[in-house]
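Structure first, commentary second.
For the numbers below, each heavy atom of this structure counts, side chains included, while hydrogens, waters and symmetry mates do not.
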Amino acid sequence: MSMGLEMNFRVEATNMELGISVAEGCALACMVNSEIGAVLAVVRRNIRWGGDYVIEDEQLEHSLIQSLKALRKQIFSWNLQWHAVDPSIYLKPFLDVIQSDEIGAPITGVALSSIYKILTFGVLDSTTVNGKDALCLVVDAVTSCRFEVTDSASEEVVLMKILQVLLACMKSKVSFSLNDQHVCTIINTCFRIVHQARTKGELLQRIARHTMHELVKCVFSHLKDIPPTEQTLISEGEPSNNNKPTTSGIERESNSSPEVKHSGSVNSSQSNSISMGPVGNLVDESMVNVRQSEGSATDQETVMDEPYGLDCMVEVLQFLCSLLNIVEHIGIPNRPNSTEFDEDVPLFALGLINSAIELGGPIIDRHPKLLTLIQDELFRNLMQFGMSMSPLILSMVCNIILNLYLYLRRELKLQLEAFFSCVILRLAQSKHGDSFYQQQEVLMEALVDFCRLKTSMADMYANFDCDITCSNVFEDLGNLLSKSTFPVNSPLSSMHILSLEGLVAVMQGIAERAGNSIPNMVPELLDIKSYAPFWTEKCEDYADPSCWVGFVRTKKQIKKILMMGADLFNRDSQTGLELLQRKHLLPDVLDPPSLACFFRYALGLDKTVIGDFLGNHDEFWVKVLHEFAQTFDFQGMSLDAALRLFLETFRLPGESQKIQRVLEAFSERYFEECPQVLANKDAALLLSYSIILLNTDLHNTRVKKKMTEADFIRNNRHINGGDDLPREFLLDIYNSITKNEIRMTPEQGAGFAEMTASHWINLMHRSQTAPPFIACDSRPFLDHDMFAIISEPTLAAISVVYDHADHEEFYKLCIDGFLAVAQLSACPEFMEVLDDLVVSLCKFTTLLDPSRMDEGILAFVDDTKAMMATLSVFTVANKYGDYIRAGWKNIVNCIIGLRKLRLLPDSLINNSGDNKSSLDPSDGNHVAKNASLSHALARTASVQKSYGLMGRFSQFLSLDAEESSAEPTPEEVAVLQRAHQTIQKCQIDNIFTDSVFLQSDSLLLLVQTLIAVSGPPKKGKNNSFEDEDTTVFCLELLITVTLFNRDRISLLWPGVYEHMAGIVQSTILPCSLVEKAVFGLLHIAQRLLPYKEELADELLKSLRVILKLDARVADAYCEHITQEVAVLVKANAMCIKSQAGWRTITSLLSITARHPEASEVGFEALFFIMSDAAHLSPANYILCIDAAMQFAESPVGSAERSIHALKLMTGSFPCIAQLELPPQESADLWIRLLLGLTKVCSNQREEVRNCAVLSLQSCTLGVEGLSPPLTSWVQCFTLVIYTVIDDLLEIALGQRSREYLNMEGTMTHALKLMCRLFLQLLGDLSTMANFSKLWLGVLTRMENYAIVKIRRKKCDKLRNLALELLKEILLAMKTKGVLVKPSISAGDNGNDNEMWESTWLHVNNISSALKSELFPDQESPQKEILNSEHPDSGTVQPQ
């Protein structure tokens, strides 16, 4: 008793430690009790089990019932001991019921439910005593379940419950305790039920398949917990031999595991086995072709008894792969167009395989057994089912391939290439009705999925296109997508859209990577200096981009040259070989190894030509043949497979001698690689001949009597070194040739070949030595090369779809493609692509179609396609304008089209050309801000005169318009609002304001485009007002771009100036175009002079073209021109340094002196210059004086303005001294000033004349700070003073003297000026040698003024003034000793005597009394002489 209490205490303590409460123990007991009751209740309902058994006169209950009742007695005593109780105790009674073949289906079903309930209650876990053994016991019992079937419904229920229990076992907490054998048994049992359910109800079928999927998931979800293994299933370097199948663990289990039994009737006591149908029998009897690991069967069984792990997973996957071989075993024709193919089993198997790869994919490569199975058998089957007619199977195959690519692409390089080339590309180009269309659609969906993977296309290009021995998968896929996008004589279909999605995905992937930093994106051209055996070259490090990027680019360029050489070789072999020698891809002296590699690996060669060379009897070509054979690896191949592979690389020549040479080379190589069966190379040769004969006999339609197996075996007796070959060996060859013909005319070129068995074996051999898979990342190392290949076909395809599309979602897809292409083509190498893209988009805007433009703004806005294209084209222009060249023409034409529709934003209208405003869109986000949308439809262009740089924009574009009587509808207003919002997003103004950031070449082409469309109208062409407005509009844009690019004005200015000068010089009548050209030149000069001093002369020189305006044009715009010149002068006077520049300015100002409206503004500008000494310089002083003289002389302005001009001239006199020039240069400027004043002294207006004379007086009598040399004073007298005196005298004596009022006063001023100046300078002038001449000039002019008659009347005032001034001069000369009678005795100079005589000769003509008055001591002798000669000369006689 004490011992029992102690045990109970220990159990209770253990349960407490395990956290099991009393309540939970009771619950478990109640649950088991209820299940016992449920089973017993069903048993009692059965007639057979309702009574007692009678054995030897004793009435007893059946042992199954007894065990259940015994269990019921015990369970409540385990309230606190469930984890300490062996589960087999309370499970075994239920398991006995399940295993009993005497129990009917209803009872078995209830027992299975009970087991399921116990398993799901969580009793079995890692802490349960013998829990692991109990779970194994459940699996054994359920998988050997036996019951009698009374009806189909109850049978289905039992089968469903079996599935339920087995899945619960796999999901149990102790499922890890199951060994590989148990798991394989579970999988096999479930698969049997799956196939048995094919004849049952739909519910069972679905549950069975679902359970199978869940089981596979459970198994492969455990793969992550298995450590990496190194043991390989296939010995290294040896591919699987598909002709020698072995049995998988699941197969062995399926043959030995108990079967589910049922009775044909309720009363039947005999249990018979149920046939599983054709598929079930196949699974039982067929053998799956998977290699076994090395070791005995005993070792294999030992491994299967361990906790399930990798071996189990290998067996499960091997079993699933075996299901894909059903086609071969049940004799269904292996043709892609077979309509008899049952898709149920392979589709189910493919789904299970896909689930396994999804769960275990990321870590399968850690386990070589699984990896080898996938590389060989699985992928080979996938290639086969890839040609299936069933869209479901094809779709599942593509899903598996996608998963394999995601997880195992590094280990499946050549397999993936084969799938793309032999399945996707081959099927996608087939055209055989609706079924093939469905296949193509599935394949296209799969291809698009690949395209959406960010690095998939880069992987394909790097690994396949850049591999000399692989096909151009990326290029072929790109061409396929492009070709499939084009709708040929048909509307858009789902296939077209799918292809477009793929293209767009590829472009977006490249564009996304292009946004990352990239070193050396543009490939360098390959320059091969000498030949090297490049076929076998390897990269140093396939994981380092700095190594492999350059390596694969080199290989790609070599591949390109090889394909060019191959194409030329096919047409002219000698020329092709010479090309490759020049490119150093073949040695200068051809040798057998290099030619053999060329024939073996170069893509696209004509196989007939290769066969002719290889069959040549020349010794050199025989060596080439043997080297060619050495390039093959026949290890592990049967003779017929090796022969197939060998003959598929060229066409076997027809001559027997050539055939013999070829087969000898083949046989020698094959025997080297596979000496296992054949005794020598002669045996290989004879058997090869025999195989070719057999192939011809079996597959030649002209041969009526076909060779039998016996015939073939008899024909090959004693050829193996005198012995016979194994019969099975020959039968395998015969059957292989029977099923698959050896094609003596292989497919030509580098097309997409069918994957034959020999091809697959060769692929597996190649995979052993193939370069590693290059995994690309997010960096665009090869995207430049990829884009170069597919850019043009992609752009063409997108354009065609956009043209044919009629749904907005398709528009958006195309626009995404356009923008991706634009991003990638924005580089110097792809500018032509970008131009083509711009041209295409501009076409879709309809803005270039005059007929569409006539339909008006509403038609444009309603066209969603056109609106989206418009937004896209300006987005491209703003983002990638640096690389646009010819496309600018189309962009500008689109802007013109928007102008015609009056949709351009106000920011462009009001601010273009205004650098300070930067064309900020915020100043006019919507045209509606400044105008009423309700008037937009009825606007008319009003011709207004505007002088701003972009002032005439409002004339064409502004939405401010006159009121219209026809008000638009609310719908139309909403349409306009939407249109303006779209146009605002285009940011058209940024194209011109941001042109400052454009590259020089692009900017220059933009300017050239604007020049081309803003030229003067052609002669003989009738140009409408709208055409003229368009020209002016483009000219304004040209000016805007020029102003914004002031830092590059030297680049633009020659073309811009030539264009605008041409407009100015070719126009003979006023028009808006010449107006814009003239004022554009002025504005450019105004804006750029402060910033470009080095171009100041060139800018100002350009304004001289304004001087060449036709008189009518100049007159029309003179006032405005003068205003702009004035603005230029006031803003930039200090920037003008050169004389040429000032000459242009003063010339423009001077011509305004005689223009009524312009003269005031012109004089104001001149006043600004001359009134500030800082503005005057040696370069402009004379020019300003001349211009001021023009205003002073001009009769157009008032006398006050002329006087003002004279004062300006006089006021500039002090500036001469401030210029700090050498004396002579200063004197020259002074003389030019005096000469200018001289010209005004003869002005018709009295006040002007007098002011000019007085100004001369100011500039001559007061020369403080200026010391002109005597020679300059002489010039002053001869050029200035004498000219003024003479001109005034001439006017007074002329016929027009009446037009000049008060000439006497002016002459008085002039005479005073001359005399006072002479008196002032007398002392200095008298020392000059030519003083006598100067004095006589003064005296002569005084004489003329003294005796002059104005209007035939004496002028006493002048005469008296002349006498007075003469007297003053003579006294001064006497005082200074300048005028002294020469003494003969003193030997005076003859010149002095002449001056004395001449002086008095002229003085006496004025007044004879002056001599006696001034020189009385010398009067008498002289007077006598005079009186004797002139008795009447006492006074001056008037003329």
request  = Before giving the answer on side-chain contact (heavy atoms from CB on, under 4.5 Å), spell out for Val873 and Val876 the whole-Å C-alpha distance, their side-chain angles and the decisive distance to 0.1 Å.
outcome  = CA-CA 5 Å; Val873 73; Val876 170; 5.7 Å; no
inquiry  = When you compare the side chain of Pro391 with that of Glu445, does any pair of heavy atoms fall below 4.5 Å?
reply    = no
task = Could you tell me how the ring of Phe464 sits relative to the ring of Phe773: parallel (under 30°), tilted (30 to 60°) or perpendicular (over 60°)?
result = perpendicular
Verdict with supporting geometry, Glu315 and Ile187, side-chain contact (heavy atoms from CB on, under 4.5 Å) = CA-CA 10 Å; Glu315 293 297 331; Ile187 297 293; over 6 Å; no
message = Is any side-chain heavy atom of Gln557 closer than 4.5 Å to one of Asp785?
response = no
task = Report, as yes or no, whether the 6.0 Å neighbourhood of atom CZ on Arg410 holds more than 12 heavy atoms from other residues, nucleotides or ligands.
result = no
key: Side chain to side chain, Phe379 and Ile401, heavy atoms closer than 4.5 Å   = yes
Flag side-chain contact, heavy atom, 4.5 Å: Pro771 against Asp467 = yes
query = Does a side chain donor of either Ser493 or His496 reach within less than 3.5 Å of an acceptor in the other side chain?
reply = yes
ask   = For the atom pair CD1 (Ile798) and CG (Leu837), what is the distance rounded to the nearest 0.5 Å?
value = 8.0 Å
ask   = According to the side-chain hydrogen bond (donor to acceptor under 3.5 Å, both in side chains) rule, which pairs have a member within residues 448-465, sequence neighbours left out?
value = Tyr405-Asp459, Arg409-Asp459, Asp449-Arg452, Arg452-Glu501, Lys454-Glu512
ask   = Distance only, no hydrogens: is a donor on one side chain within 3.5 Å (strictly under) of an acceptor on the other, for Ser494 and Glu441?
value = yes
Minimum side-chain heavy-atom gap Lys555-Glu537 below 4.5 Å = yes
request  = Test side-chain contact (heavy atoms from CB on, under 4.5 Å) on Met396 and Ile393 and set out the steps.
outcome  = CA-CA 5 Å; Met396 186 58 68; Ile393 290 180; 5.8 Å; no
message = Within the structure provided, determine whether Trp548 and Cys776 are in side-chain contact (heavy-atom separation under 4.5 Å).
response = yes
message = Measuring from atom CG of Leu359 to atom OG of Ser355, what distance do you get when rounded to the nearest 0.5 angstrom?
response = 7.0 Å
message = For Glu832, is the CD atom crowded, meaning more than 12 foreign heavy atoms sit under 6.0 Å from it?
response = no
Inter- and intrachain pairs under salt bridge (charged side-chain N to carboxylate O under 4.0 Å, His left out), touching residues 386-403, at least two apart = none
message = How close do Thr485 and Ser499 get, counting heavy atoms only, and between which atoms?
response = OG1-CB, 3.2 Å
Contacts under 3.5 angstrom, residues 806-817 side chains, donor-acceptor by atom type, not counting sequence neighbours:
from	atom 1	to	atom 2	distance (Å)
Tyr811	OH	Ala805	O	3.4

task = Please determine which of Asp476, Asn472, Leu477 meets the side-chain contact (heavy atoms from CB on, under 4.5 Å) test together with Met460.
result = Leu477
query = Tell me, do Tyr407 and Ile357 make a side-chain contact under 4.5 Å, heavy atoms counted?
reply = yes
Side chain proximity check, Leu414 to Cys470, heavy atoms < 4.5 angstrom = yes
task = Quick one: pull up NZ in Lys224 and CZ in Arg366 and give me the separation to the nearest 0.5 Å.
result = 11.5 Å
